[in-house]
There are 2 protein chains.
Amino acid sequence: MNRRPTINDIARLARVSKKTVSRVINQSPLVRDDTRERINAIIAETGFVPDPQARGLAFRRSFLVGMIYDNPNPQYVVNMQAGLLDGMRGSGFELVVHPCNRQSPTFLSDVRDFVERLKLFGVVLPPSASEDERLPPIFDELDCAYVRIASVAMDDPEAMVVTNDHVGGIVAARHLVELGHRRVGHISGPPTFRSAHERKRGFAQELAAHDVKLLSKNVAEGAYSFESGIACAEKLLARTPRITGIFCGNDEMAAGVLYAARKAGISVPRELSVVGYDDFQVAARVWPPLTTVCTPTREVGRIAADQLLRSVGDAHGVRYDPQAILPTLVVRESTGPAPKDA
Amino acid sequence: MNRRPTINDIARLARVSKKTVSRVINQSPLVRDDTRERINAIIAETGFVPDPQARGLAFRRSFLVGMIYDNPNPQYVVNMQAGLLDGMRGSGFELVVHPCNRQSPTFLSDVRDFVERLKLFGVVLPPSASEDERLPPIFDELDCAYVRIASVAMDDPEAMVVTNDHVGGIVAARHLVELGHRRVGHISGPPTFRSAHERKRGFAQELAAHDVKLLSKNVAEGAYSFESGIACAEKLLARTPRITGIFCGNDEMAAGVLYAARKAGISVPRELSVVGYDDFQVAARVWPPLTTVCTPTREVGRIAADQLLRSVGDAHGVRYDPQAILPTLVVRESTGPAPKDA
DNA sequence: CTGAAAGCGCTTACAG
DNA sequence: CTGAAAGCGCTTACAG
């Protein structure tokens, strides 16, 4: 036949009612085994795929998953999308992207409208949208599943994927301490990102464990941007005695530190070791290539999609292990032994 | 009322049939003005929005637009998505992302299945998916609109947005010539990208117009990747007499050239001027910051969405001006006067 | 210019 | 275990 087969075609071919075909599609146990097999054979043979729009209309729910994000980093966004798609492949669900601005006065109504109009099955929220506590009640009200991706648990385990960013801070601290650094600094992300807090917390905690103090005069608050990295570095690198190692909340700010250090004639890593966070492409492009902390963002996305679709699908019964996602250190050339004379 | 109003609610409130409401929704002229106004008032009052799934089912076509791409650059992908969303805002259409691999044996059937299953209204194809001539016949057959984004026209004007990449090559050449460079080189993208050819063509053409020859020994074929930029630069920078200026097919490869030049002890821009292409974030992060060619990708995306939705919507009747999109040069610190002794 | 009937391709609610 | 009827919220095809 020329057009795509419908449930009616399958029913006719299998000499059953469309309702029985519907049962097979929806994996209802209320179908005799031989009936099911016959129908499945015909489905396979004809290449029948139920129309998601028709199904959605009847279900009062679409087969679409929204990614709602205000994350400004392209690499993060693309990695996350790829991961979500990995987890959704073969499920019949599709990904609708929805960048947004949390500062907008219409933010909440925009999100509500988006979810309601498309009757979304579920949404995935990366940081910092994931950290907005005004959102979950909206999804609950609209009966839309959600998974929040955040640096720390802040909701039911079913609705979370946690990236344990404090561990990233710990790993960075350990690396600098092992290289002999004792006067260290930190440029944090903006306080509106929970990750900024977590990364700093882990860093300070692990330093303390090695009797290294993170002096407040050696800490600056950046904005996760290249420019803010430059500005903070200019401030911190002017202090004496100068720090010999610095951990930045992300690669963008670390790139800014490299920029500022070069302008100030400070050699990296001979006089200053720099650690970033993210391991995005830029990390390997700057000079010197950045030692940085790597979160497996694509894998995080895959897990988030799995979590979201856990209710449907036949497999995926198990919840993921929250400890499975741990930031790791990627050592490149921006870190080295603390200067002897320090 | 608690639930969202439907067409039946509006019809009842307006004391007309749902068919008349439907006519108003679809902007049919066959409605008396006062009837239309009364209905529109009620629609506005109730906040009625027609259910896209129900509409789609009846129309046999969804309100979804697919972005089908195999472009590996995250920044490009995100800029393009943002532009498409700009153009789709308020239209009721949504964007479904579909990364793919043109080399996969199932590529064509994957695309067909995606379009057919979702009954996509249309698709947007950035490079290099846009350059695959096997795709348009599939979209035509499935009655799915499409817009191809490419460096050069290769389809009906309605189905194209052209980025005129040869102009980028021209601009790069002019810049190097004006700085006094006469021994110049080029690292091209892979031949599977039409843009690689166009950028090189424009570059060579404008050099020739200034009596500067692009010697084939000073041209290398890269893969649009950082690593390929390094490899090509190592080859080209070993030749004597050495080139004093180089134009790279994209920023990634230009970053590779900076890397290789540093390793080889060649000072940029004193001994070597480097021009990139794209003006992605990395361009301003490397050292020295890259002079590069900038295509307004987000704007290109907006135009592509406009083109695609031109048939619907009340405005947007006019086609875009193909000359509107022109690459421009962004001058930073990686280019300077040709060395005196050259 | 307007509407009643039928239908898009599915599922729910109810029977049996 | 299976099915006939009604319905999801719209539009098409046909009348008038």
Side-chain angles (χ1 to χ4, degrees), chain A residues 1 3-40 42-43 46-64 92-93 116-121 143 312, chain B residues 1 3-40 42-43 46-64 92-93 116-121 143 312:
Chain A
M1 81 190 72
R3 61 179 222 298
R4 301 192 70 176
T6 72
I7 196 172
N8 289 307
D9 299 319
I10 306 302
R12 188 163 26 75
L13 290 168
R15 298 174 200 287
V16 295
S17 74
K18 62 210 265 196
K19 177 60 215 174
T20 299
V21 178
S22 172
R23 287 200 179 87
V24 171
I25 295 171
N26 292 292
Q27 319 208 45
S28 157
L30 302 172
V31 184
R32 238 171 46 207
D33 281 348
D34 62 330
T35 310
R36 178 194 318 282
E37 279 165 31
R38 186 155 43 93
I39 294 175
N40 271 330
I42 294 172
I43 288 178
T46 56
F48 168 67
V49 180
D51 181 325
Q53 269 187 147
R55 236 149 74 95
L57 182 60
F59 270 139
R60 294 153 187 79
R61 185 136 310 284
S62 74
F63 289 84
L64 299 173
F93 285 81
E116 198 171 13
R117 184 165 39 80
L118 295 186
K119 295 208 180 73
L120 292 183
F121 171 83
D143 197 30
V312 293
Chain B
M1 84 189 70
R3 63 180 218 300
R4 302 192 70 177
T6 71
I7 196 172
N8 289 307
D9 299 318
I10 306 302
R12 189 164 24 77
L13 290 168
R15 298 175 201 287
V16 294
S17 74
K18 61 209 267 197
K19 177 61 217 174
T20 300
V21 178
S22 172
R23 287 199 179 87
V24 172
I25 294 171
N26 293 291
Q27 319 208 46
S28 157
L30 302 172
V31 183
R32 239 172 46 207
D33 281 349
D34 60 331
T35 309
R36 179 194 317 284
E37 279 165 31
R38 186 155 41 92
I39 293 175
N40 271 330
I42 293 172
I43 287 177
T46 56
F48 168 67
V49 179
D51 181 324
Q53 268 186 152
R55 239 153 68 98
L57 182 59
F59 270 139
R60 295 155 186 77
R61 186 137 308 286
S62 75
F63 289 83
L64 299 173
F93 285 81
E116 197 171 13
R117 185 165 39 82
L118 295 186
K119 294 207 182 73
L120 292 182
F121 170 83
D143 199 29
V312 294

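Here is how names work: the chains are called A, B, and so on, in the same order as the sequence lines, proteins then strands, and each is numbered from 1. No experiment lies behind these values; they were computed from the predicted model shown.
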Review point. Using a heavy-atom distance cut-off of less than 4.0 Å, which residues of residues 15-22 of chain A contact DNA chain D?
Key: A/Val16, A/Ser17, A/Lys19, A/Thr20
Of the non-hydrogen atoms in [X] and [Y], which two are nearest, and what is the gap between them?
{"X": "B/Ile25", "Y": "B/Pro50", "answer": "CG2-CG, 3.7 Å"}
{"X": "B/Val49", "Y": "B/Arg4", "answer": "CB-NH2, 3.4 Å"}
{"X": "B/Val31", "Y": "B/Ser28", "answer": "CG2-O, 3.9 Å"}

Let me confirm one number: the [atom1]-[atom2] distance from [X] to [Y], rounded to the nearest 0.5 Å.
{"X": "B/Leu118", "Y": "A/Phe63", "atom1": "CG", "atom2": "CZ", "answer": "11.5 Å"}
{"X": "B/Phe48", "Y": "B/Leu13", "atom1": "CZ", "atom2": "CG", "answer": "11.0 Å"}
{"X": "A/Ile43", "Y": "A/Ile10", "atom1": "CD1", "atom2": "CD1", "answer": "6.0 Å"}

Point to revise | salt bridge (Lys or Arg N to Asp or Glu O under 4.0 Å) partners of B/Arg55, counting only residues at least two apart | key: none
Point to revise | A/Pro50 vs B/Arg38, nearer the 5' end of DNA chain C by closest nucleotide | key: B/Arg38
Check your understanding: Considering heavy-atom distances to DNA chain C, does B/Asp33 or B/Phe59 have its closest nucleotide positioned more toward the 5' end?
Key ->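 Final value for this comparison: B/Asp33.
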Practice item. With heavy atoms under 4.0 Å as the rule, sort B/Asn26 into base, sugar-phosphate or nothing. Key: sugar-phosphate
Review point. Looking across every strand, which nucleic acid part, if any, lies under 4.0 Å from B/Phe48 by heavy atom: base, sugar-phosphate, or nothing?
Key: sugar-phosphate
Exercise for review: Just jot down the side-chain hydrogen bond (donor to acceptor under 3.5 Å, both in side chains) partners of B/Arg36, sequence neighbours excluded, or say none.
Suggested key: none
Check your understanding: For DNA chain D, which consecutive runs of 3 or more Watson-Crick or G-U pairs (each distance under 3.5 Å) count as stems?
Key -> C:1-3 with D:14-16, C:5-12 with D:5-12, C:14-16 with D:1-3
Review point. Taking the side chain from B/Asp51 and the backbone from B/Gln53, do they hold a donor-acceptor pair closer than 3.5 Å?
Key: yes
Point to revise | N/O donor-acceptor pair under 3.5 Å between A/Ser62 side chain and A/Lys119 backbone | key: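 Yes; at least one donor-acceptor contact below 3.5 Å.
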Exercise for review: Hey, could you give me each pair passing salt bridge (Lys or Arg N to Asp or Glu O under 4.0 Å) that has a residue in residues 15-24 of chain A? Not counting sequence neighbours.
Suggested key: none
Check your understanding: For DNA chain D, which nucleotides open and close the run of contacts to chain A, 5' to 3', at under 4.0 angstrom from a non-hydrogen atom?
Key ->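 Terminal contacting nucleotides, 5' to 3': D/dC1 to D/dG9.
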Check your understanding: Which residue lies toward the 5' end of DNA chain D, B/Arg23 or B/Ala54, if each is placed at its nearest nucleotide?
Key ->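 It is B/Ala54 whose nearest nucleotide is closer to the 5' end.
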